[in-house]
Amino acid sequence: MDFETVIGLEIHAQVKTESKIFCGCSTAFGSPPNTHTCPVCLGLPGVLPVLNKKVVDCAIKVGLATNAQIRATSQFARKNYFYPDLPKGYQTSQFDKPIIEHGFIDIETQGISRRIGITRIHMEEDAGKLIHDERDPHSFVDLNRTGTPLLEIVSEPDIRSPQEAAAYLKKIHAILRYLDVCDGNMQEGSFRCDANISLRPVGQQELGTRTELKNMNSFRNVQAALEYEQRRQRDLLLESEPVVQQTLLWNPDTGKTESMRGKEDAHDYRYFPCPDLVPVTLTEQWIEQIRVTLPELPDDRRRRFIEVYGLSDYDALLLTESRERADYFEAVVQRFRDAKKVANWVLTELLKEVKGGDIADCQVTPEMLAELLDLIESGAISGKIAKTILSEMLVNGTDAATIVKEKNLLQVSDEDELRLVIRSIIQDNPQQVAEFRGGKQKLLGYFVGQVMQQTKGKANPKLVNDLLTKELAG
Amino acid sequence: MEPYELTITQALSRLASRDLSSRELTQSCLERINAVEPTVSAFITHDADIALSQADEADRQRAAGSVGPLCGIPLSVKDLLCTKTFPTTCGSKMLAGFVPPYDATVVEMILRAGGVIVGKTTMDEFAMGSTSETCYYKVPANPWNLEYVAGGSSGGSAVSVAAGEVLASLGSDTGGSIRQPASLCGIVGMKPTYGRVSRYGLVAYASSLDQVGPLTRDVQDCAVMMQAISGHDRRDSTSVDRPVEDYSAACAAGMRGVRIGLPQEFFPEELDPEVRQVVMNGVAALRSAGAEIVDVSLPHIDYGVAAYYIIAPAEASSNLARYDGVAYGYRDEQANSLIELYKNSRSAGFGAEVKRRILIGTYALSSGYYDAYYKKASQVRTLILDDFKNAWQSCDLLISPVTPTPAWRRGSKLDDPLAMYLSDIFTLSTNLAGLPGISVPGGLSEEGLPIGIQLQGPHFGESLLLRAAYNLEENLALDRAIMPRPTT
């Protein structure tokens with residue numbers, strides 16, 4: 001039997017504001033426990049929340065960027081449950097009147113574009129953190145994170161494969177980063193994702209029983225966890241075993257999902273409108289003020305890269321995946337006009353070296369990369385040498401010209417000098433010369449290699465080829 | 001006449017003429033507290049040293065010419081308004097000894113106005129009750145007859161004023177908790193329009209209904225206190241940014257041209273005849289002052305009690321979730337697991353009435369019941385608000401009883417929650433509609449217990465309300481007694 005996979009994602013994105021959503025405390029990460037707290041975020045008796053308008057601005061931005069409807073009047077609601085990281089005993093969130101509804105984004109996997117619906121985006125406060133110590137029977141509560149603003153972005157169950165899930169997640173991540181509303185750091189938890197997944201026989205309308213996956217703190221983990229769960233559910237269904245509705249935790253070490261809790265302790269959150277916060281009323285003017293500040297978004301930028309720079313669809317997609325990467329590319333192109341070469345160098349050499357790190361943090365500035373490309377273009381260095389130079393530039397931030405000078409790496413383009421080298425090689429390798437002249441053309445590579453070895457890679461490769469062909473011809 | 005018997009207005013004038021110092025006035029109140037507190041139990045905490053040092057500060061300010069509108073006046077504050085200098089217990093074991101790290105906005109305001117806070121008053125636990133008998137610490141007695149209840153939930157506040165321990169008090173009113181004890185203790189109590197006075201630092205019972213207000217010996221004092229506590233507070237999103245009128249000046253005008261509505265639903269057949277008589281005397285007094293009296297109807301008012309006892313407990317069930325034994329408040333130290341910590345701390349920390357309301361509220365918000373209870377109650381609330389809006393088409397204010405009966409004997413309704421809930425029948429619709437209301441002394445029952453008269457007005461109609469209340473007071477010209485009567 002063939003199955004269709006149905007996936008929906010819930011993303012929690014920490015909003016990049018200076019202060020918390022309902023009080024003036026700092027949202028800075030990594031401070032000593034309970035230092036960014038006040039009576040309001042501690043939930044002391046008698047305190048009241050005051051909405052940080054910047055969070056509303058950010059929600060509007062995301063709504064506009066995801067083709068969504070923005071509610072003229074939205075409302076905060078209380079989600080009631082007990083947990084020590086939740087000092088009020090309820091989370092202030094939105095329920096039946098979220099600020100954003102009915103949006104969508106387009107994603108692409110293997111060249112096929114699909115539209116994924118966004119059910120809703122709402123504003124809420126983050127909870128604190130519990131710190132457990134294996135050797136200590138007590139748990140500790142850190143409320144620094146309590147009240148950090150979050151946007152919860154809920155997709156429709158429109159996603160049909162783990163690959164699509166990863167593409168959707170990356171796209172939302174890119175949009176949030178372009179809008180500068182979230183720093184997108186999955187390790188620190190400022191961009192988190194839970195997934196619901198179920199399988200159903202192809203053609204069936206009704207959804208199968210779903211499981212909820214948590215603890216996936218990278219794009220790779222999200223895809224791997226969904227792939228594992230897809231296999232697990234398929235195996236169960238093929239054996240006519242039931243899929244149990246439950247929350248599962250992804251264990252990246254074992255590569256498996258593990259049961260967290262059964263549905264028996266399903267919560268009744270007793271949502272009701274928060275009486276301490278008046279409804280959020282948005283005017284057209286407010287929304288327009290935000291609309292004019294929107295930057296160029298990933299899809300638009302990608303189209304422009306294809307049209308203006310003549311890049312391939314794939315290169316344009318990779319370059320626009322993050323705002324920093326696209327900005328970097330364009331800054332290099334400002335100084336070095338061959339956009340395709342720039343794309344090549346950024347995507348293959350630079351990204352390989354920064355290894356998934358942030359291109360904005362790398363030691364090589366766009367100006368430095370442009371200078372390196374200029375050196376290749378002018379024939380001063382070979383492309384191969386340039387790659388070694390780049391590695392060095394990345395390590396200590398030295399510019400290319402200095403490295404070339406210090407290490408004496410200028411390309412040898414002096415015909416007489418190269419001819420001398422070539423002649424001595426021909427003299428030292430009579431056997432190979434005879435074979436070459438006998439028709440074994442492949443041996444040209446061998447001679448090139450010899451020349452490069454003797455010149456320590458500095459020989460101008462084109463010139464070497466020309467001279468070798470002439471000299472070997474005898 | 002002892003200084004503690006003065007009204008705020010009288011005291012301010014004597015303080016201004018240096019005929020009396022705040023220290024002398026405060027000392028007089030403290031002596032009165034020593035004399036009557038053992039029998040009336042108005043305070044959970046009071047502190048003579050704090051009071052006297054504030055009084056001395058007020059005297060210094062007066063000498064330096066910087067005189068706030070309450071400069072040197074001894075006051076009490078209900079024990080659910082947060083104070084840095086006194087524990088704030090909400091009358092609950094849950095918050096025994098809890099000292100907030102901040103002052104409520106209204107507390108800041110009266111301190112800035114020069115007020116002297118003597119202590120924190122007894123109240124029903126977390127303001128849930130109508131007699132202050134659910135207070136964990138002690139139960140205030142009605143100063144007119146110590147066998148009778150003082151009313152609630154701001155019972156201690158009312159008693160502290162009626163018994164001469166302070167000149168005025170701040171209470172809170174969620175369904176009548178200022179107006180009802182004021183009525184039962186023979187003083188003036190006002191519940192302002194929702195949003196007129198900041199709720200920041202008022203420990204929440206039912207957030208959409210709670211409002212802070214004054215309890216005073218006469219209407220002028222009420223105007224002075226209202227002036228001191230009204231205004232927009234950026235820390236309270238539900239407070240309204242709207243200019244505050246001159247309430248004292250408003251009292252001076254007469255009643256000509258004012259239409260007073262007599263809502264038939266507030267005068268049912270079974271209404272206590274003495275209460276009816278007192279209110280009708282008030283009607284006559286206002287008519288003779290020049291007011292026009294019209295009959296009006298509030299057809300949905302009968303559903304008020306039911307709607308109130310769903311909405312208030314629902315909000316309470318959420319508001320009181322924070323008392324979990326984790327960061328502050330009562331904590332069961334023997335608990336072996338998180339669930340046990342929650343269960344044991346809350347079971348031992350809360351009293352029966354609080355638990356009852358948390359249970360009712362939790363039930364009303366549960367999935368499957370939300371539409372039938374909370375949502376329906378919210379719809380009723382809208383209908384009641386519409387009733388009042390319709391009434392304002394034909395009248396400017398409403399006159400009615402405050403309570404169906406005068407004060408009752410202590411303990412007599414404690415085991416009958418429904419009878420207790422019904423005692424709020426005339427007051428709680430004011431809160432459901434977010435309107436201002438005031439209770440003014442109207443007379444005494446044959447047994448010698450006070451009976452109040454309630455006036456209700458449109459949103460932000462405080463000036464008109466105070467003006468009518470002042471006229472009522474002037475025309476009824478009751479003897480303003482401090483009870484129990486000073487023996488000297």
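Note that this is a predicted model, so its numbers are computed, not measured. Proteins get letters first, then strands, A, B, ... in listed order; numbering begins at 1 in each.
Within the model, atoms CG of Asn80(A) and OG of Ser317(B) stand 6.0 Å from one another, a figure rounded to the nearest 0.5 Å. Expressed to the nearest 0.5 Å, how far CG of Leu44(A) lies from OG1 of Thr88(B) amounts to 11.0 Å.
Contacts between residues 369-376 of chain B and chain A, defined by a heavy-atom separation under 4.5 Å, are made by Tyr370(B), Tyr374(B). The stretch residues 16-29 of chain A places none of its residues near chain B, where near means some heavy atom under 4.5 Å from a heavy atom of that chain.
Listed here is the closest heavy atom pair of Ser318(B) and Phe272(A): CB-CE2, 3.5 Å. Taking each heavy atom of Glu315(B) and Arg78(A) in turn, the nearest pair found is O-NH1, 4.3 Å. Asp268(A) and Ser367(B) make their closest contact through OD2-N, 2.9 Å (heavy atoms, listed as atom of the first residue, atom of the second, distance). Considering every non-hydrogen atom in both Phe82(A) and Ala321(B), the closest pair reads CE2-O, 3.3 Å. Pairing each heavy atom of Arg235(B) with each of Leu48(A), the nearest pair is O-CB, 3.5 Å. Here the closest heavy-atom approach between residue Thr362(B) and residue Arg270(A) is recorded as O-CD, 3.5 Å.
Looking only at heavy-atom pairs under 4.5 Å with chain B, the residue among Ser139(A), Pro275(A), Gly89(A) that has the most is Pro275(A). With respect to chain A, the highest number of heavy-atom pairs below 4.5 Å among Ser208(B), Gly325(B), Ala327(B), Gly201(B) belongs to Gly201(B). By number of non-hydrogen pairs under 4.5 angstrom with chain A, the leading residue of Asp324(B), Val326(B), Leu341(B), Asn319(B) is Asn319(B).
More than 12 heavy-atom neighbours from other residues, nucleotides or ligands sit within 6.0 angstrom of CD on Glu258(A). Open room surrounds OH on Tyr136(B); 12 or fewer heavy atoms of other groups in view lie less than 6.0 Å from it. Within a 6.0 Å radius of CZ in Arg242(B), more than 12 heavy atoms belonging to other residues, nucleotides or ligands are found. Counting heavy atoms of neighbouring residues, nucleotides and ligands inside a 6.0 Å radius, atom NZ of Lys54(A) does not exceed 12 of them. For Arg192(A), the CZ atom counts as densely surrounded, since its 6.0 Å shell holds more than 12 non-hydrogen atoms of other residues, nucleotides or ligands.
Using modelled atom types, no side-chain atom of Tyr90(A) and backbone atom of Arg322(B) make a donor-acceptor pair closer than 3.5 Å.
In this structure, the portions of Pro84(A) lying under 4.5 Å from any heavy atom of chain B include both its backbone and its side chain. For Pro137(A), no part lies near chain B; criterion is any non-hydrogen pair under 4.5 Å. Residue contact with chain A, scored on non-hydrogen atoms closer than 4.5 Å, involves the side chain of Tyr194(B) exclusively. Proximity to chain B involves both the backbone and the side chain of Tyr83(A), based on heavy atoms less than 4.5 angstrom apart. With a 4.5 angstrom heavy-atom cutoff, Arg199(B) touches chain A via backbone and side-chain atoms both. Contact of Leu338(B) with chain A is made through the side chain alone, with heavy-atom distances under 4.5 Å.
Only one option out of Thr89(B), Val203(B), Leu80(B) pairs with Pro45(A) in a side chain to side chain contact (heavy atoms under 4.5 Å, CB included); it is Val203(B).
Val40(A) has its side chain out of reach of Tyr102(B): every pair of non-hydrogen atoms, C-beta onward, lies at least 4.5 Å apart.
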